[in-house]
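Everything numeric in this text was worked out from a predicted model, so none of it was measured.
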Amino acid sequence: VSTDYVFDGKLDRPYVEDDATNPLNVYAKSKLAGEAAVRAASKKHFIVRTAWVYHDTGRNFFRLMLALSDKGPIRVVDDQVSSPTYAPHLAAAMFQLFKTGAYGTYHLAGSGGGASRYQQLTAFYDKIGLKSQVTPVSMSEFKQPAARPQRTVLETSRTPRIILPDWREGVSAFAQSFLRAGRKG
């Protein structure tokens, strides 16, 4: 499993499997090196690039934002865009892909044209009925130890064309699970 970060984020359209890679940080370079090692090890391989994966259990963006919402207004990046991906949707797509035997590199990520963290969070808050102040801000307002690409929306152009549900459906499914469990933060 690889990442959208193998791209530099400079395209104004979604990235497809055959687009040129250009990682901006060590993490992304290591993922790209892993892809090369897998390709060199066997012609029969699957490489799945995905983005912003989250699940009902464990640490994730939504839980962090819920914890911060108790402390006052939240500032969330609105000018970095990718393909939020709900882990159960990714797992189902990967299982479907593996059954095909159509080896190669695939993009499997939430569909729907991409979203910023701000869009993702406001959709989640809406689904759980939380009325917390969220302010959209630029990536430049948060100092990051490593460069991050600004726009890495993923799309698949390969056959078989396995399309994950819209990222909003993933947020909705996550919110429903969150509410059923009666969790907070």
Side-chain angles (χ1 to χ4, degrees), residues 1-55 57-65 75-98 100 102-121 136-164 167 170:
V1 175
S2 191
T3 177
D4 58 326
Y5 278 22
V6 298
F7 300 110
D8 61 17
K10 294 180 180 174
L11 283 183
D12 61 355
R13 61 161 173 78
Y15 284 90
V16 294
E17 292 86 352
D18 294 328
D19 283 327
T21 55
N22 186 27
L24 301 179
N25 59 50
V26 173
Y27 164 77
K29 288 176 183 174
S30 72
K31 286 297 219 175
L32 189 59
E35 288 185 17
V38 166
R39 284 185 193 100
S42 175
K43 290 180 190 240
K44 292 183 176 183
H45 66 267
F46 289 103
I47 296 170
V48 172
R49 293 182 185 139
T50 192
W52 294 7
V53 179
Y54 60 96
H55 189 263
T57 60
R59 296 179 343 162
N60 64 49
F61 170 71
F62 296 119
R63 291 185 196 288
L64 174 61
M65 294 299 107
R75 299 172 335 133
V76 181
V77 172
D78 193 35
D79 63 349
Q80 182 185 28
V81 178
S82 193
S83 301
T85 307
Y86 186 46
H89 293 166
L90 175 61
M94 289 173 69
F95 182 70
Q96 184 181 353
L97 174 63
F98 299 158
T100 70
Y103 300 108
T105 301
Y106 292 85
H107 288 177
L108 296 179
S111 64
S116 68
R117 291 290 191 188
Y118 173 79
Q119 292 169 307
Q120 191 182 9
L121 183 63
V137 297
S138 172
M139 283 173 60
S140 63
E141 292 195 33
F142 290 95
K143 300 295 179 218
Q144 296 290 329
R148 294 175 186 235
Q150 193 156 6
R151 182 174 172 75
T152 55
V153 176
L154 298 178
E155 235 178 53
T156 188
S157 64
R158 303 279 317 266
T159 301
R161 228 167 149 225
I162 298 171
I163 309 296
L164 273 69
W167 67 268

Partner residues of Arg151 under the side-chain hydrogen bond (donor to acceptor under 3.5 Å, both in side chains) criterion, sequence neighbours left out: none
Minimum heavy-atom separation for Ala93 to Leu164, with atom names? CB-CD1, 3.3 Å
Determine yes or no for a side-chain-to-main-chain donor-acceptor pair under 3.5 angstrom, with Ser83 supplying the side chain and Ala109 the backbone. no
All pairs passing salt bridge (charged side-chain N to carboxylate O under 4.0 Å, His left out) where residues 26-42 contributes a residue, at least two apart: Glu35-Arg39, Glu35-Arg49
Nearest 0.5 angstrom please: Gln144 CD to Asn25 CG, how far? 10.0 Å
Say whether, by atom type as modelled, one donor and one acceptor occur between the side chain of Thr152 and the main chain of Pro149 under 3.5 angstrom. no
Between Val153 and Ser82, the two heavy atoms sitting closest are CG2-O, 3.9 Å
Thr156 meets the side-chain hydrogen bond (donor to acceptor under 3.5 Å, both in side chains) criterion, sequence neighbours left out, with Glu17
Hey, what do you get for CG (Leu64) to CG (Leu121), rounding to the nearest 0.5 Å? 9.5 Å
What pairs with Phe142 under ring-ring contact (aromatic ring centres under 6.0 Å, His included), at least two apart in sequence or on another chain? none
Looking at residues at least two apart in the chain, or sitting in another chain, which of them share a ring-ring contact (aromatic ring centres under 6.0 Å, His included) with Tyr86? Tyr54, His89
Should the pair Arg148 and Tyr5 be classed as cation-pi, given the thresholds of under 6.0 Å to the six-membered ring centre and 45° from the axis? no
State which residues pass salt bridge (Lys or Arg N to Asp or Glu O under 4.0 Å) with Asp79; sequence neighbours excluded, sorted by chain then number. none
To the closest 0.5 Å, what do you measure between CG (Asp18) and NE2 (His107)? 8.5 Å
Going by the rule ring-ring contact (aromatic ring centres under 6.0 Å, His included), which residues pair with Phe98 if we only count those two or more places apart in sequence or in a different chain? Phe46
Non-hydrogen side-chain atoms of Tyr106 and Leu97 separated by less than 4.5 Å: yes
Side-chain (Ser138) to main-chain (Ser140) donor-acceptor, under 3.5 angstrom: yes
Roughly how far, to the nearest 0.5 Å, is the NZ atom of Lys43 from the NE2 atom of His45? 10.5 Å
Run the side chain to side chain contact (heavy atoms under 4.5 Å, CB included) check on Gln120 and Val76 step by step: do they pass? CA-CA 10 Å; Gln120 191 182 9; Val76 181; over 6 Å; no
So Thr3 and Thr50, side chain to side chain contact (heavy atoms under 4.5 Å, CB included) or not? Walk me through it. CA-CA 5 Å; Thr3 177; Thr50 192; over 6 Å; no
Enter the distance from Thr85:OG1 to Leu154:CG here, rounded to the nearest 0.5 Å. 7.5 Å
Side chain to side chain contact (heavy atoms under 4.5 Å, CB included), that's the test. Do Trp52 and Arg117 meet it? Break it down for me. CA-CA 9 Å; Trp52 294 7; Arg117 291 290 191 188; 3.5 Å; yes
Of the non-hydrogen atoms in Ser157 and Val16, which two are nearest, and what is the gap between them? OG-CB, 3.7 Å
Looking at every heavy atom in both Gly114 and Val81, which two are closest together, and how far apart are they? C-CG1, 3.9 Å
Results of salt bridge (Lys or Arg N to Asp or Glu O under 4.0 Å) for Arg75 - residues two or more places apart only: Glu141
With sequence neighbours excluded, residues passing side-chain hydrogen bond (donor to acceptor under 3.5 Å, both in side chains) with His55: Thr57
How would you list, by chain and number, every residue that makes a salt bridge (Lys or Arg N to Asp or Glu O under 4.0 Å) with Arg13, sequence neighbours excluded? Asp19
One pair to check against side chain to side chain contact (heavy atoms under 4.5 Å, CB included): Val48 and Leu90. What are the steps and the verdict? CA-CA 10 Å; Val48 172; Leu90 175 61; 4.3 Å; yes
If I take atom CD1 from residue Ile47 and atom OH from residue Tyr103, how far apart are they, to the nearest 0.5 angstrom? 13.5 Å
Between the main-chain N or O of Gln119 and the side-chain N or O of Ser116, is there a donor-acceptor pair closer than 3.5 Å? yes
Under the ring-ring contact (aromatic ring centres under 6.0 Å, His included) rule, collect the residues that match up with Tyr15, sequence neighbours excluded. Phe7
Could you give all pairs that pass the ring pair (Phe, Tyr, Trp, His ring centres under 6.0 Å) test and reach residues 17-38, with sequence neighbours left out? none
